[in-house]
Each structure stands twice: as structure tokens, then as C-alpha cells.
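Have a look at the structure below before the remarks.
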Amino acid sequence: MKTQILIAALFFGGLVTAQQKKDSLKVNAIDAVNIKKQVFKKQGDRLVYDVASSSIAKGTNTFNLLKQTPMISSIDGKTLKILGKNDAVIYINNKKTNMDSEALIEMLKSTPSEDIQKIEVITVPGSEFQVESKEGVINIVMKKSKNNGYNGTLKMQNEQAYYNNPNAGASFNFRQGRWSGNSNFRTGSWTDRQRYTLSNGDPTFKNESFGFNDDPNKNFGGGFNVDYEINKKHSLGFSYNMRYNKSFNSVLDITNWQNGVLNNRTVNNEDAQTRNHSFNLNYEMKTDSLGSRLTSNISYLWFNRDKVSFNESFPLTNDTINKYSALHQSVPQIINNYAANIDYLKKTAKGATWLMGISYNHTNTDNDTKQDKLIGSDFVIDPKQTNHFIYKENILGIYLNYERKLTEKISGKIGARYEMTRSTGEILEKTGFERNYNNLLPYLNLNYAINSDHNLSYTFSSRIRRPRFWELNPSRTYFTPTNYTQNNPFVLASKFYNQELNYMYKNAFYANLSFNMVEDASASDMLPLQGTLTTPERDKNGNIVYGPGGNMIMRTTRFLRYIRTNYGKNRELALTLGMNKSWFKDIWTTNYSVNLGYVTYKGGVWEDPTSQLGQYESESLDPYIIDVKNYNMSVTINNIIRLSSKKDWFLGVNYFFASQTAMEGGMIGARQSFDLSLKKIAGDWTIVAEVSDLFNQSFYSVKGVQPNGKYNNITNFNYPRLMSIGVTYNFGNQKLKKAREMKSANDAVKSRT
């Protein structure tokens with residue numbers, strides 16, 4: 001806690017010192033000129049980073065540029081997060097991107113930073129944004145020009161982690177008269193390597209598992225977007241995106257010990273393929289010269305994932321309980337989504353803006369899970385784990401926003417989103433459920449520009465989080481026969497209430513205070529449920545074994561079942577202090593932030609809604625109690641140093657630290673990452689060498705202890721150190737105007753696949 005107080009004091013000290021400086025008239029005049037070229041500022045409901053006015057936005061890509069943006073962080077090179085939020089949802093020119101997350105990251109890495117005008121960070125999105133829970137929005141605004149021509153980017157990169165992972169990509173843009181378009185293609189291969197240490201039990205019993213997972217992947221993806229300007233008022237566009245990923249010969253190898261004695265070994269071999277296709281048709285009509293417009297979209301999404309696995313458990317002792325066991329499992333998932341929306345944006349001569357819209361989503365998921373187990377010398381269908389689950393969901397949304405400047409210094413935005421959800425789930429020939437609920441989701445933002453140096457704003461928003469489709473599929477993924485994850489078709493949507501107070505000084509220093517409340521909360525990760533299962537002893541042919549007195553011989557085994565379910569409520573208070581500033585005539589650019597948090601989780605799980613017991617079987621589940629209070633802290637330090645007067649050599653030195661953080665499933669260990677990068681710009685060529693997490697410190701470790709003494713500990717070491725060399729070549733007219741980015745009607749569904 002002393003470290004947290006010290007860092008907070010340093011940041012507040014910087015703020016006070018900056019405020020106490022007395023500028024001369026000459027300095028004030030210079031400042032007035034600089035205001036016209038503000039790199040970082042607060043504007044309405046968002047923080048705006050004007051990268052076109054920043055010296056670091058040269059010769060890099062959009063992903064690296066986002067990592068240098070205030071309030072945004074990435075410690076794994078694969079995801080982007082807004083400090084104090086869950087995940088960042090990417091928009092381009094106020095339109096949500098129409099592709100899956102991995103394809104999106106590759107697109108950002110292949111987009112030249114010179115194409116970016118500004119980056120907007122919206123920590124609490126308004127009613128018009130299709131986001132859930134406490135997700136934030138990153139809106140990337142592209143530069144515009146009316147020049148005809150074409151341009152493109154070729155990129156090759158080689159990454160070295162535990163294995164070598166090459167990848168390449170290309171993008172092409174054109175504009176000619178009323179036609180414009182862009183396309184992209186990416187391909188690559190990588191193999192994830194993870195090392196596991198698992199332990200669970202109580203003071204009288206200890207189970208330990210050690211092993212590794214090798215998961216090879218080959219993928220390719222791409223898409224195109226074509227836009228036709230019918231006339232000055234009407235535009236028509238079509239977009240298509242696809243992705244294919246193949247992961248064959250994935251191996252999970254786990255060795256298990258009980259009370260210090262070698263027990264058994266489990267090997268799981270898995271083959272998986274994922275296919276994703278999405279289409280969107282867009283129409284836009286400009287209704288006046290003030291910027292009012294009507295837009296409509298019709299979208300279709302098809303997602304298919306096939307996964308088959310063979311799990312074997314080999315006894316390593318001669319006792320009568322541990323025997324060779326095996327099972328086959330097939331877990332396919334098919335998702336079809338049809339969506340449409342209409343938005344009308346009305347701007348008035350007095351500066352007010354109205355936005356009203358309606359959206360509709362219909363989703364059908366089909367999960368035909370099959371599982372058989374070895375009985376004697378034959379594999380026999382396991383009726384308890386063989387499920388054909390069909391889930392149908394219809395969501396109708398209506399939203400309205402009103403925004404205007406109330407006085408010269410005060411502006412506001414108010415809105416609401418009303419969603420009607422109708423859903424049914426059916427496990428054929430077993431059980432089913434129906435859920436109908438309505439949600440009114442209000443939004444409010446007030447912004448007070450005290451003067452040119454001080455800005456204060458307040459925002460309130462309400463959201464819900466619906467379960468991801470794969471979370472609903474009632475299937476298992478096995479580590480060992482008694483240690484597995486279990487999906488839950490009965491999990492409910494969670495309700496989120498978000499508030500935020502933001503203060504900015506001199507467009508360089510900022511403080512962000514947020515408070516989040518969650519009702520019907522479900523764990524951000526799965527909860528570990530421990531218990532015992534009592535079943536009749538069976539012979540090699542599967543027949544029940546009886547004792548001398550004619551009574552069935554019963555067998556009791558311990559299990560550890562990871563499940564996602566609703567448990568209660570949580571509260572989170574967070575304070576982010578940050579600075580974005582350039583020094584010594586832009587030679588040294590800094591982006592520093594500290595995030596202080598206090599969280600509480602309260603509730604529990606007393607029964608497992610997914611339990612399926614056969615005849616003569618019984619289960620005893622240990623209650624899982626959640627009563628957590630925790631202080632946590634994270635620090636982000638990003639530095640870009642220009643090494644030459646020609647602005648062609650740059651050095652990046654970055655550091656990230658996160659303290660121990662409590663979650664519903666236990667205490668996550670401290671993590672840190674130290675990164676270095678060197679960039680050389682030579683005309684249209686850019687060469688970047690990077691080392692991420694130089695000291696291998698950003699791996700995942702969690703420890704959980706229950707009041708009754710039950711514990712569950714996990715260490716997942718994924719070899720985070722990554723060395724990479726990338727070469728990018730930009731060709732063609734770099735001032736070419738991008739094709740009109742279009743919003744897809746089924747964007748909200750993509751994040752749930």
C-alpha cells in the first residue's frame with residue numbers, strides 16, 4: 001500500500017507543481033499558439049488523441065499507436081484494454097468493425113499510422129454504441145482526401161516465443177470517381193505452448209497436477225469493402241469478412257499426484273477448425289447540409305467450430321481404484337445470425353443533435369455434443385454428456401440520444417436504450433427453458449469546460465452482459481477425468497451500472513474516478529467447485545458389482561469442476577491518474593498512468609445447475625463462498641525517444657506492472673512486463689525489432705482458499721517473452737481517401753461467438 005500512496009503522491013505532486021507555475025505574457029502567447037495543435041484533450045464524452053499532431057505517429061502501425069494512447073494498454077500483443085474497463089471495442093469512423101477479434105488485431109497491425117487522424121477513447125459509451133457490461137470504445141478516425149488512385153501495404157513478421165511463429169499480410173485501397181474500396185488478406189501459423197501447475201484439496205487431502213499444452217494453429221483471413229456514391233446524398237456499400245483457423249494435433253499432457261503419491265497420467269488429443277463468414281449491406285442518405293443522415297444495415301453472420309478430442313487416463317499405481325479410462329468427444333457449434341438496423345441522426349441549426357434508431361437481432365445456435373466412454377473393450381455413448389442443445393435469441397432494441405451545448409462552458413448528452421430479449425434453450429429430449437426480459441438502459445453525460453486549462457465531466461450508464469454462446473453449450477473440456485470445465489446453459493444476463501468523474505488539466509494531466517455496480521454477477525472466469533461423486537462400482541462389462549450381502553459396492557471420487565454461473569453482486573471503485581506529454585521539442589514522448597482500485601465480491605454457489613446424476617448416483621457439493629475485498633494497483637509507463645534529427649530512428653521503452661488482484665475465483669498474482677523496441681524508417685520501408693516481456697513475468701497465477709479450508713491454485717505459464725522482427729512496405733498514393741467505413745447490424749453478436 002505504501003507503493004500505491006507514493007506513486008499517487010508523485011502524480012498529484014506533478015499536478016500541483018504545474019498549477020503553481022506563473023507564466024509570463026510571452027509564454028502565454030506561445031501557449032495560445034500551441035492550443036491550436038493540442039495532441040490530447042477532453043471533448044464531450046471522450047478523450048481525444050490527435051495523433052496527426054504527434055511526432056510518434058510516423059512509420060508505425062495502428063496497433064502500436066493504440067498502445068501509446070492514454071488510457072489504453074496491451075501487455076500480450078493480442079488484446080487492447082482501457083484502464084479500469086473489461087475490454088476495448090474498436091470502432092472506425094464511428095462504425096463498429098465487422099470482423100472477429102484476431103482478424104481485427106491483424107488489420108490494426110497492418111494499417112499504417114499515417115492514415116490515422118485521431119483516436120477517441122470513450123470510457124463510458126452512450127446509448128448508440130453496441131457494447132455490453134463495462135466495455136469501453138476506441139474510435140479510430142481516419143484521414144480524408146478526395147484524391148483518386150490506389151495504395152497498399154505489404155507486411156511480413158517473424159515472432160519467436162517458445163516456438164517460431166511467422167505471419168504475413170497485405171492490404172489494398174483504391175478510389176476512382178464514385179467508387180472506393182479496400183481489401184486485406186492475412187495468413188500465419190503459430191503454436192501456443194503453456195505449462196500448467198494445478199493443486200487443490202483441503203487440510204486432509206491434496207491433489208496436484210503438472211503438465212503442458214501444445215496447440216498448433218494455421219490460419220488465413222481477409223475481406224473487402226466496396227462503396228458506391230450514387231450522388232452527393234446517397235451511398236451504397238457492401239462488405240465481406242472471413243476467417244479460417246485450423247488447430248490439429250493439439251496435445252494436453254497432465255500427470256497427477258494424490259497426497260504426494262504418483263497417481264495417473266491424462267493425455268488429451270484435440271483437432272479443431274473454426275470458420276467465420278459475415279456479410280453486410282449498407283445504405284446511407286444525407287438529409288441536409290448540417291450533417292443529418294439516415295443509415296440502414298442488413299447483416300448475416302455464419303460461425304462454425306468443429307472440435308473432436310480423445311482423452312485417455314493411464315494408471316501409474318497398482319491400486320484397484322485407478323484403471324485405464326478413455327473417452328471420445330465431439331463438440332460442434334454452428335451460429336446463424338440475421339440482423340438489421342436503422343439510425344437517423346438529426347442536427348439542428350442551434351447546435352443540438354438527435355440520434356434515434358431501432359435494431360433487431362435473431363440468433364440461432366446449434367450444439368450437437370456427443371461423448372462416449374470406454375466400458376470393457378467398447379466405447380459406449382455417455383447419455384449424461386451427450387447433449388443436442390439449441391438456443392434461439394431475439395433482441396429488439398430502440399434507442400434515443402439528445403446532445404447539445406447548454407452554455408458556453410457546459411454541454412450535455414442524455415439518452416436511453418430499451419431492449420426486449422426473448423430467448424429459448426432446449427436440450428433435446430432432456431430439458432428446456434424460456435427467458436423473456438426487458439431492459440431500460442439510461443445514459444447521461446455532463447461536461448464543464450471550466451477554462452482552457454481545466455475540464456470536468458460526469459457520466460452515468462447502464463448496461464447488461466449476456467452470456468457468450470459458447471458459455472451456454474452444456475459441454476465439458478477435460479484436464480483429467482475428475483478435473484474439467486463445465487459450461488452452463490442456465491446462466492443469466494448480468495446488470496451493470498457505471499459512473500465516472502473525469503478531470504483534465506492543461507490537456508496533459510488527467511484523473512479518472514469510476515464506480516461500477518453489478519447485479520446477478522457471473523464470474524469473469526470460471527468458479528472452481530469441489531465435491532464428491534458416489535457411483536456404483538462396475539465390472540469391465542459395465543455391470544454393477546454387488547457385495548457378499550447383496551448390496552451394491554459404491555465408489556466415491558473427488559471432483560473439481562470449473563463452472564461459470566451467477567453468484568451475487570460486486571462493486572468496484574477505481575482511480576486512474578495519467579500524463580501524456582512530450583519533452584525537449586518532441587524528442588521524448590511520455591505516456592504514464594497509475595490505476596488504483598478497490599473491489600468487493602459477495603455471494604456464493606450452493607448447487608450446480610448442470611449436474612446430471614444417473615440411477616443410484618449421488619453428489620455432495622462443497623458450497624463456494626465469495627466474500628472478497630481487495631485493493632489493487634497497476635502502472636503503465638510508455639516512452640518513445642527520437643534518436644535522430646531526421647526522424648527515422650526511434651527507441652521504445654515500456655513497462656507495465658499489476659499488483660495482486662482478487663477475483664471471484666481467487667487471488668491473481670502480481671504481473672509485470674518490460675518491453676523494448678527499435679524502429680527504422682527508410683522511405684516507404686519500416687523495420688521494427690521488438691522484445692516483449694523481456695523477463696517472462698506476465699504469466700497467470702491464481703490462489704483461492706475457502707473458509708472451510710478447501711483450496712484451488714493454478715499457475716499457467718505461457719512463455720510470454722516474445723521477440724519479433726517486422727518489415728512493412730507502403731506503396732501507392734498514401735493520401736488516398738479510405739472507403740466509407742460501414743457499421744454492421746450484427747456487431748453486438750460477434751463478440752459473443
Side-chain angles (χ1 to χ4, degrees), residues 44-46 82 84-89 91 94-96 121-139 295 297 337 339-345 353-363 393-404 412-423 435-447 457-468 491-502 514-522 524 566 569-572 743-752:
D45 60 349
R46 59 200 65 191
I82 297 177
K85 304 294 174 183
N86 282 349
D87 291 310
V89 181
Y91 278 66
N94 294 310
K95 308 295 190 297
K96 196 170 183 180
V121 181
I122 309 171
T123 53
V124 183
S127 304
E128 71 275 21
F129 290 99
Q130 300 180 62
V131 296
E132 294 192 339
S133 59
K134 57 175 184 175
E135 293 173 334
V137 166
I138 299 173
N139 183 39
T295 59
N297 292 273
N337 173 262
N341 76 289
I342 298 176
D343 291 341
Y344 180 56
L345 179 72
T353 300
W354 289 90
L355 174 65
M356 56 202 76
I358 183 170
S359 63
Y360 174 73
N361 264 280
H362 169 76
T363 306
E393 182 180 81
N394 294 278
I395 303 174
L396 178 65
I398 303 172
Y399 41 96
L400 176 66
N401 282 343
Y402 176 69
E403 182 177 7
R404 66 164 297 171
K413 180 178 178 180
I414 187 170
R417 189 180 187 96
Y418 183 70
E419 294 184 343
M420 294 175 283
T421 304
R422 303 291 181 263
S423 61
R435 295 213 178 91
N436 301 322
Y437 51 91
N438 304 323
N439 296 97
L440 180 62
L441 309 173
Y443 173 85
L444 173 67
N445 171 260
L446 293 173
N447 191 74
S457 67
Y458 167 79
T459 309
F460 171 83
S461 176
S462 175
R463 294 286 180 179
I464 63 173
R465 182 198 184 274
R466 296 179 179 88
R468 286 10 181 183
V491 66
L492 303 174
S494 302
K495 304 177 185 65
F496 284 72
Y497 303 92
N498 310 315
Q499 296 187 77
E500 182 177 280
L501 187 65
N502 178 274
S514 63
F515 179 64
N516 301 302
M517 302 171 55
V518 186
E519 302 294 334
D520 293 327
S522 60
S524 55
N566 304 93
K569 58 185 179 181
N570 68 55
R571 306 288 184 263
E572 180 177 2
K743 176 182 178 181
S744 170
N746 58 16
D747 290 325
V749 172
K750 295 178 185 300
S751 62
R752 298 170 62 197

[X] versus [Y]: any side-chain heavy-atom pair under 4.5 Å?
{"X": "Asn337", "Y": "Asn361", "answer": "yes"}
{"X": "Glu500", "Y": "Phe515", "answer": "no"}
{"X": "Trp354", "Y": "Leu400", "answer": "yes"}
{"X": "Arg417", "Y": "Pro442", "answer": "no"}
{"X": "Ile82", "Y": "Thr123", "answer": "yes"}
{"X": "Leu396", "Y": "Ile358", "answer": "yes"}
{"X": "Ile464", "Y": "Leu441", "answer": "yes"}
{"X": "Glu519", "Y": "Tyr497", "answer": "yes"}

Heavy-atom pair with the smallest gap, counting every atom of [X] and [Y]:
{"X": "Ser494", "Y": "Ala521", "value": "OG-CA, 3.7 Å"}
{"X": "Ser127", "Y": "Gly415", "value": "OG-C, 3.4 Å"}
{"X": "Val491", "Y": "Ser522", "value": "CG2-CB, 4.2 Å"}

Trace of the side chain to side chain contact (heavy atoms under 4.5 Å, CB included) decision for Asp45 with Val124: CA-CA 8 Å; Asp45 60 349; Val124 183; over 6 Å; no
**Q.** Chi angles and distances behind the side chain to side chain contact (heavy atoms under 4.5 Å, CB included) call for Tyr344, Thr295
**A.** CA-CA 6 Å; Tyr344 180 56; Thr295 59; over 6 Å; no
Can you tell me if [X] uses its side chain to pair, donor with acceptor, with the backbone of [Y] under 3.5 Å?
{"X": "Asn445", "Y": "Gly126", "answer": "no"}
{"X": "Asn447", "Y": "Ser457", "answer": "no"}
{"X": "Asn566", "Y": "Asp520", "answer": "yes"}
{"X": "Ser423", "Y": "Arg435", "answer": "yes"}

Requested in this report: Determine, step by step, whether Tyr399 and Ser359 satisfy the side chain to side chain contact (heavy atoms under 4.5 Å, CB included) criterion, reporting the C-alpha distance in whole Å, the side-chain angles of both residues, the deciding distance to 0.1 Å, and the verdict.
Outcome: CA-CA 9 Å; Tyr399 41 96; Ser359 63; 4.2 Å; yes
Q) Hey, are Arg466 and Glu419 close enough for a salt bridge, meaning a charged N less than 4.0 Å from a carboxylate O? A) yes
Q. After noting the C-alpha distance and the side-chain angles of Tyr443 and Lys413, does the key distance pass the side chain to side chain contact (heavy atoms under 4.5 Å, CB included) rule?
A. CA-CA 8 Å; Tyr443 173 85; Lys413 180 178 178 180; 3.9 Å; yes
Output, in order, the C-alpha distance, side-chain angles, deciding distance and verdict of side chain to side chain donor-acceptor pair (under 3.5 Å) for Ser461 and Asn498.
CA-CA 5 Å; Ser461 176; Asn498 310 315; 4.8 Å; no
- Any side-chain donor paired with an acceptor under 3.5 Å for Tyr360 and Asn394?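 Result is yes, a qualifying pair exists.
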